[in-house]
There are 2 protein chains.
Amino acid sequence: MPHPDAADLVLTDVLFALSDPARLELACRLTEGPLEVAACHPVGGEIPKSTLSHHLKTLREAGVIRNKPYGRQRQVSLRRDDLEARFPGLLAAVLSPALTQASPPR
Amino acid sequence: MPHPDAADLVLTDVLFALSDPARLELACRLTEGPLEVAACHPVGGEIPKSTLSHHLKTLREAGVIRNKPYGRQRQVSLRRDDLEARFPGLLAAVLSPALTQASPPR
DNA sequence: CGAACTGTTCAACTATTATCGAACCATGAG
DNA sequence: CTCATGGTTCGATAATAGTTGAACAGTTCG
């Protein structure tokens, strides 16, 4: 299961991966810590496994997340350091408005 | 020719608009100042007018650029202040790596 | 007015992306 | 080994995005 090197991250690929509401929302939740794939379903409700897996693949191939075996499941985590090294400030700038938008208004 | 209000800018739309290499490169050039549409062609070479107009539409509808009549042509400009107000730091985080990537490597 | 100039819109086509069921693969438990 | 569990991959279809020529619209100049 291939992950791009930190130095090879492509900005347009990262932006594209985060330009989908479901993927952006997941990236936000991953700032809290790693999740198993089963916990990566959108907040609204369950989606088919294959659809979820496709979104994870998009994020992984762009270098936004890491997806590694973890016992009989897999652990999904945000590649914070790699993203910060390659695109300083980007993650904060993208996720902070998304987080405030997600939190309950008032 | 509709432009979204600054308060209505949608993050995923902005990210999507900037996730295309040609559009991202144009956004970079617009940091230098406004351009006429004819000057918005990608650096590599000319593209059909209708294709260029389509990319400008994508950027405009996302709220990244403003496109206003200017004599017999149109002036294209970056909506820096509006973007900064809605998504602080985003533009800098996105364009600074793109700018260094564009400048001659050494 | 009428022609030239600058861009946008339209319509058709192509290409990429999303969605989802079914088949498949690996791991751990019995 | 066998079976259940947790996820990925495959293949087909639907939806969205990109590309482009041609037609159209606004502005300026003669």
Side-chain angles (χ1 to χ4, degrees), chain A residues 1-4 10-27 29-30 33-78, chain B residues 1-4 10-27 29-30 33-78:
Chain A
M1 176 160 286
H3 291 69
V10 176
L11 180 57
T12 50
D13 291 350
V14 172
L15 295 177
F16 180 80
L18 295 174
S19 71
D20 177 89
R23 294 192 295 251
L24 179 61
E25 185 254 336
L26 174 58
R29 293 214 317 266
L30 287 173
L35 293 175
E36 321 162 350
V37 171
C40 292
H41 285 274
V43 284
E46 299 274 305
I47 61 176
K49 295 194 302 180
S50 51
T51 302
L52 177 58
S53 197
H54 168 259
H55 284 308
L56 293 176
K57 181 179 181 181
T58 302
L59 287 165
R60 174 175 52 80
E61 290 181 341
V64 177
I65 64 172
R66 187 165 280 125
N67 184 342
K68 64 176 182 181
Y70 186 71
R72 126 167 76 176
Q73 23 197 46
R74 280 163 180 280
Q75 188 185 60
V76 176
S77 58
L78 200 58
Chain B
M1 175 162 287
H3 291 70
V10 175
L11 180 56
T12 50
D13 291 350
V14 171
L15 295 177
F16 181 81
L18 295 174
S19 71
D20 178 88
R23 295 192 295 251
L24 179 61
E25 186 254 334
L26 174 58
R29 294 216 314 270
L30 287 173
L35 294 174
E36 322 160 351
V37 172
C40 293
H41 286 275
V43 283
E46 299 274 305
I47 60 176
K49 296 193 301 179
S50 50
T51 303
L52 177 57
S53 197
H54 168 260
H55 284 307
L56 293 177
K57 181 181 182 181
T58 301
L59 288 165
R60 173 176 51 79
E61 290 181 341
V64 176
I65 64 173
R66 187 164 279 126
N67 184 342
K68 63 176 182 181
Y70 185 71
R72 122 167 78 178
Q73 25 198 45
R74 277 161 182 279
Q75 190 185 59
V76 176
S77 57
L78 200 58

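Naming convention: chains lettered A, B, ... in sequence-line order (proteins, then strands); numbering from 1 in each chain.
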K.L.:
Roughly how far apart are Tyr70(B) OH and Glu36(B) CD, rounded to 0.5 Å?
P.N.:
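If I round to the nearest 0.5 Å, the distance is 8.0 Å.
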K.L.:
Write down the distance between CD (Glu61(B)) and P (dT16(D)), rounded to a whole number of angstrom.
P.N.:
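Whole-Å distance recorded here is 15 Å.
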K.L.:
Using atom types as modelled and distance alone, determine if a side-chain donor or acceptor of Ser19(B) lies under 3.5 Å from a backbone N or O of Phe16(B).
P.N.:
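A pair under 3.5 Å: yes.
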K.L.:
Nearest whole angstrom, please: distance from the P of dT27(D) to the NZ of Lys68(B).
P.N.:
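Those two atoms, NZ and P, are 15 Å apart.
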K.L.:
How far apart are the closest heavy atoms of Asn67(A) and Met1(A), and which atoms are they?
P.N.:
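Residues Asn67(A) and Met1(A), closest heavy atoms: O-SD, 3.8 Å.
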K.L.:
Between His41(B) (NE2) and dT19(D) (C1'), how many Å, whole number?
P.N.:
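Nearest whole value for this atom pair: 14 Å.
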K.L.:
Looking at every non-hydrogen atom in both residues, tell me the closest pair between His3(B) and Ile65(B) and how far apart they are.
P.N.:
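For His3(B) versus Ile65(B), the nearest heavy atoms are CD2-O, 3.7 Å.
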K.L.:
side-chain contact (heavy atoms from CB on, under 4.5 Å) between Arg29(A) and Leu26(A): does it pass, once the steps are laid out?
P.N.:
CA-CA 5 Å; Arg29(A) 293 214 317 266; Leu26(A) 174 58; 4.2 Å; yes
K.L.:
For nucleotides 7-11 of chain D, give me every protein contact, N/O to N/O, under 3.5 Å, one pair per line with atom names.
P.N.:
{"from": "dG7(D)", "atom 1": "OP1", "to": "Val37(A)", "atom 2": "N", "distance (Å)": "3.2"}
{"from": "dG7(D)", "atom 1": "OP2", "to": "Ala38(A)", "atom 2": "N", "distance (Å)": "3.3"}
{"from": "dG7(D)", "atom 1": "N7", "to": "Lys49(A)", "atom 2": "NZ", "distance (Å)": "2.5"}
{"from": "dG7(D)", "atom 1": "O6", "to": "Lys49(A)", "atom 2": "NZ", "distance (Å)": "3.2"}
{"from": "dT8(D)", "atom 1": "OP1", "to": "Asn67(A)", "atom 2": "ND2", "distance (Å)": "2.8"}
{"from": "dT8(D)", "atom 1": "OP2", "to": "Ser53(A)", "atom 2": "OG", "distance (Å)": "2.9"}
{"from": "dT8(D)", "atom 1": "O5'", "to": "Ser53(A)", "atom 2": "OG", "distance (Å)": "3.3"}

K.L.:
Does Tyr70(A) reach a base, just sugar-phosphate, or nothing at all? Heavy atoms under 4.0 Å.
P.N.:
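No contact.
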K.L.:
Take the protein atom NE2 of His55(A) and the nucleotide atom P of dT17(C), then report the distance between them rounded to whole Å.
P.N.:
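After rounding, the gap between these two atoms is 13 Å.
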K.L.:
Quick one: closest heavy-atom pair of Leu18(A) and Ala27(A), and the distance?
P.N.:
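Looking at all heavy atoms of both residues, the shortest contact is CD2-CB, 3.9 Å.
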